[in-house]
Chemist: 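Dumping the structure here so I can ask a few things about it.
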Protein chains: 2
Amino acid sequence: MTNDKGVAKEVEWRIKVEDGPWKRAGVSCNMWTFITSLYFKVCKFFKKAWDIGVNDPRKFIHCLKVGIALTAVSLFYYLKPLYDGVGRNAMWAVMTVIVVFEYTAGATIYKSINRICGTTLAGLLAFGVHWVASRAGDQWEPIIVGVSLFLLASTATFSRFIPTIKARFDYGAMIFILTFCLVSVSGYRIDELFNMAQQRISTIIIGTSLCIIVSTTVRPVWAGLELYVLVTENLDKLANSLQGCVAQYFEAQTASEESNKKMMGYKCVLNSKATEESLANLARWEPAHGRFNFRHPWKQYLKIGATMRRCASCIDALIGCIHSENKSSNDIRKIMSKTSIQVGDISANVLRELAITITSMTKSNKLDILVIEMNSAAQELQNLLKSYPNTQKNDDAKMEIPIMDIIQVVTMVSLLTEIVARVEDIVNCVEELSNLGKYKPAMSKCDKSKQHSTDSKISPEQQNEEEAIVKTLQVV
Amino acid sequence: MTNDKGVAKEVEWRIKVEDGPWKRAGVSCNMWTFITSLYFKVCKFFKKAWDIGVNDPRKFIHCLKVGIALTAVSLFYYLKPLYDGVGRNAMWAVMTVIVVFEYTAGATIYKSINRICGTTLAGLLAFGVHWVASRAGDQWEPIIVGVSLFLLASTATFSRFIPTIKARFDYGAMIFILTFCLVSVSGYRIDELFNMAQQRISTIIIGTSLCIIVSTTVRPVWAGLELYVLVTENLDKLANSLQGCVAQYFEAQTASEESNKKMMGYKCVLNSKATEESLANLARWEPAHGRFNFRHPWKQYLKIGATMRRCASCIDALIGCIHSENKSSNDIRKIMSKTSIQVGDISANVLRELAITITSMTKSNKLDILVIEMNSAAQELQNLLKSYPNTQKNDDAKMEIPIMDIIQVVTMVSLLTEIVARVEDIVNCVEELSNLGKYKPAMSKCDKSKQHSTDSKISPEQQNEEEAIVKTLQVV
């Protein structure tokens with residue numbers, strides 16, 4: 001039996017071998033397709049990654065900055081005199097740089113300060129606990145340390161759920177737990193506890209200072225500046241969307257890809273809440289830079305963002321109505337066209353003027369006039385709608401309007417009125433910002449020509465800052 | 001001169017002393033106010049913190065879990081046999097627990113896997129570099145190590161800007177840099193590099209396993225379940241908002257605080273994008289739990305969220321129009337009232353049915369009928385508006401309508417129609433989810449009564465899971 005089976009297997013094997021080359025060819029063909037598809041996928045991935053860097057070269061620069069900071073801190077290992085100073089604890093400096101160095105200066109400073117404060121506070125507390133425990137005798141020592149560890153770690157973990165602490169000291173709370181555990185636990189074994197703690201704190205200070213210096217001096221990326229650029233950009237996008245959708249509806253333009261893309265800009269506004277909040281949280285850690293002082297009212301930008309989103313959701317509804325099936329008659333569209341486009345244009349101009357106000361950090365002269373114009377245009381639009389049947393030629397012969405012919409235009413007008421009201425909310429928020437930030441009034445043209453002769457007074461620093469803003473705007 | 005001055009000062013001092021007691025009383029009074037105000041502030045803070053925990057007791061439980069995990073891992077220090085096994089590197093296990101243990105199981109697993117993979121990969125690479133460098137001679141060694149450190153750290157930092165990597169391996173990339181630096185830099189000094197690396201990896205594995213075990217077994221908080229609850233809750237909130245605002249307008253209800261709060265529920269929907277995205281990112285790391293398998297289509301929840309936000313922004317515009325100044329005449333409001341409220345109610349029912357579909361993970365029987373009803377109600381509303389002047393009693397006498405009387409109602413109808421269209425988008429997304437998740441069709445009532453007799457077949461695990469969902473829903 002076993003022999004039979006052996007023969008049968010051999011035969012099977014022989015038969016299988018016969019189609020070997022074909023199969024092998026098939027397998028190698030599959031392999032080849034797999035490899036080429038993988039190759040193209042990898043190429044695509046690298047192309048995408050490269051594009052990210054090319055679109056915003058500051059990302060490349062950030063990577064170089066990290067590399068420089070790390071190489072600098074690793075000198076503590078390579079150079080004998082430095083190594084002798086801090087010893088094996090140089091590792092903590094390297095670790096600090098890696099963990100603390102972030103893209104924006106604000107984030108780096110936030111993490112640095114949190115790390116230093118958390119470490120110091122936890123270190124002191126751990127010493128206290130260790131001292132108490134060591135007096136209590138060998139038996140009680142691990143129990144006292146264990147219980148205090150449990151209680152403090154739980155409390156610090158809970159504190160991270162409290163919104164105010166989460167926004168400002170989340171990282172600090174984590175570092176607090178980390179240091180407390182390391183010191184109090186290793187305190188049980190290491191006798192040179194004081195030395196270790198001292199070295200740890202000094203290495204952390206070395207690491208964080210290096211990070212703060214590099215991130216605030218070598219082509220710094222300020223979270224505050226990013227927020228400021230984001231908000232002004234969003235105002236422009238909102239203006240383009242509003243103007244674009246009104247024009248597309250009333251002028252019955254054929255929507256080019258370019259204009260469609262512009263019209264969809266409001267979506268960026270709707271989606272930027274999380275980014276705005278994190279940037280505002282980080283911006284408050286930054287020192288005075290450029291034209292922003294230390295206590296610049298960053299929170300106000302969040303309010304502006306919120307009102308912008310309210311305006312954007314109205315534009316979203318407006319665009320939905322444009323694409324609905326109830327098309328209005330050309331007649332009423334033609335009549336309302338001019339004033340509606342005017343309302344759209346003036347509102348967009350108000351938004352752009354607000355962007356200029358924020359960018360130039362001066363109170364606008366034109367804003368009040370533009371707001372009045374916007375409101376009167378909106379009122380005119382309503383009056384036009386009110387008198388609609390009478391605007392037609394046969395003035396006396398009162399005629400009936402089929403309601404379906406006007407439903408879309410009426411909705412447009414109502415939503416435009418609502419948008420005008422919401423734009424006014426944005427205006428109020430920006431005015432509040434200009435009061436909080438103590439913006440100076442903008443110069444009129446004749447003032448400007450006077451100023452021109454004293455232009456040389458602008459400090460080179462200020463000029464650099466302006467260049468940086470222009471560059472950031474270009475990049476974003 | 002100096003003497004004069006001295007006398008003058010003494011006189012001044014005497015004069016000042018005279019109003020000393022008053023001043024002192026003032027200062028102590030100020031101090032007292034300061035202390036009491038501080039006391040009340042601190043009390044308020046603790047009250048708020050306590051409320052956070054009481055509103056969601058899982059946060060308290062999380063803190064206890066962290067405490068337990070930390071105390072357990074610190075046993076490696078206290079117990080001699082364990083300490084002899086891993087030595088001073090037990091510190092890494094403690095650190096791992098602190099850094100890796102997160103609120104949701106998904107986040108813990110994500111960080112654990114990233115930490116292990118990042119450490120292993122970087123460790124191997126660092127060994128390779130170290131080996132090459134050690135062959136190159138003493139002079140070249142620091143240069144090779146330094147250059148490789150610079151290049152790899154920069155590349156890994158850049159990779160964190162790529163969205164796909166940021167979403168899945170952000171923490172891993174950081175740990176990669178960290179480990180590579182520590183191993184390659186300390187490799188220059190420590191000769192027992194291999195031992196150190198091995199111990200580090202083993203302690204990390206000990207720490208992460210402990211975290212994963214505690215976070216998935218002791219009252220786990222699943223990111224997937226949170227996302228699922230968030231989406232269903234948001235659907236309910238949207239339904240309440242929609243129904244509430246239509247009812248408030250047409251029934252001219254006096255808005256109670258309760259109903260106003262319900263009506264504002266749509267704002268939660270508008271603001272939940274960031275939370276949804278982070279939860280979906282974490283949910284994909286979680287193993288099968290309860291009724292969710294490993295490859296549950298979490299991404300689809302994001303699509304549902306996006307369509308919900310589109311619907312919510314339309315509701316926002318609707319609420320804006322309700323509060324506008326152009327009040328419609330009672331006449332048309334009365335005529336449109338019944339059908340409008342019907343549209344609002346049916347749309348809200350559709351949204352609630354969707355919430356039930358997602359909650360019960362079964363395909364609804366009623367959904368198709370409800371959608372048809374909703375569309376026909378919307379059509380009816382349009383027809384009613386179309387025939388508006390004729391619905392009045394004097395059918396033949398065609399009369400003119402003052403347009404300002406109808407503008408608000410027309411806008412309402414238009415926006416309701418748009419909302420109905422957007423609700424249909426949500427329906428499509430949920431149907432897609434039910435196909436992707438292979439939901440079973442819901443049982444009809446007679447099926448249910450049959451099922452009732454076999455109820456005892458439900459496993460205790462499934463029951464527990466259902467209880468957990470009910471509890472989570474209550475908590476949220």
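Per chain, numbering begins at 1; letters A, B, ... match sequence-line order. Since the model is a prediction, treat every value here as computed from it, not as a measurement.
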Chemist: Counting only heavy atoms closer than 4.5 Å, note whether B/Lys273 contacts chain A via side chain, backbone, both or neither.
Modeler: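 Only the side chain of B/Lys273 comes within 4.5 Å of chain A.
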Chemist: Give, as side chain, backbone, both or neither, the part of A/Arg310 having an atom under 4.5 angstrom from any heavy atom of chain B.
Modeler: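 For A/Arg310, the contact with chain B is made by backbone and side chain together.
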Chemist: With B/Arg200, which residues qualify under salt bridge (Lys or Arg N to Asp or Glu O under 4.0 Å), at least two apart?
Modeler: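 Partners of B/Arg200 by the salt bridge (Lys or Arg N to Asp or Glu O under 4.0 Å) criterion come out as none, since no residue qualifies.
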Chemist: Does any backbone or side-chain atom of B/Leu149 lie under 4.5 Å from a heavy atom of chain A? Answer side chain, backbone, both or neither.
Modeler: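 For B/Leu149, the side chain is the part near chain A, not the backbone.
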Chemist: side-chain hydrogen bond (donor to acceptor under 3.5 Å, both in side chains) with A/Lys65: which residues, sequence neighbours excluded?
Modeler: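 Per chain and number, A/Lys65 pairs via side-chain hydrogen bond (donor to acceptor under 3.5 Å, both in side chains) with no residue.
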Chemist: Which region of A/Val66, side chain (C-beta onward) or backbone (N, CA, C, O), has a non-hydrogen atom less than 4.5 Å from a non-hydrogen atom of chain B, or is it both or neither?
Modeler: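 The side chain, not the backbone.
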Chemist: With a 4.5 angstrom heavy-atom cut-off, is it the side chain or the backbone of B/Phe101 that approaches chain A, or both, or neither?
Modeler: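 Looking at B/Phe101, nothing touches chain A.
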Chemist: Under 4.5 Å from any heavy atom of chain A, what part of B/Thr164 do you find: side chain, backbone, both or neither?
Modeler: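 Interface part for B/Thr164: side chain.
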Chemist: Given a strict heavy-atom distance threshold of 4.5 Å, which part of A/Ile165 is in contact with chain B: side chain, backbone, both, or neither?
Modeler: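 The side chain, not the backbone.
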Chemist: Picking from A/Val147, A/Asn271, A/Val94, A/Val413, which has the most non-hydrogen pairs under 4.5 angstrom with chain B?
Modeler: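 With the most close heavy-atom pairs to chain B, the winner is A/Asn271.
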Chemist: Counting only non-hydrogen atoms closer than 4.5 Å, does A/Ile162 touch chain B with its backbone (N, CA, C, O), its side chain (CB onward), both, or neither?
Modeler: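 For A/Ile162, backbone and side chain are both near chain B.
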Chemist: Quick check on the interface: out of B/Gly53, B/Ala312, B/Gly320, who has the most heavy-atom pairs with chain A under 4.5 Å?
Modeler: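 Counting heavy-atom pairs under 4.5 Å, the top option is B/Gly320.
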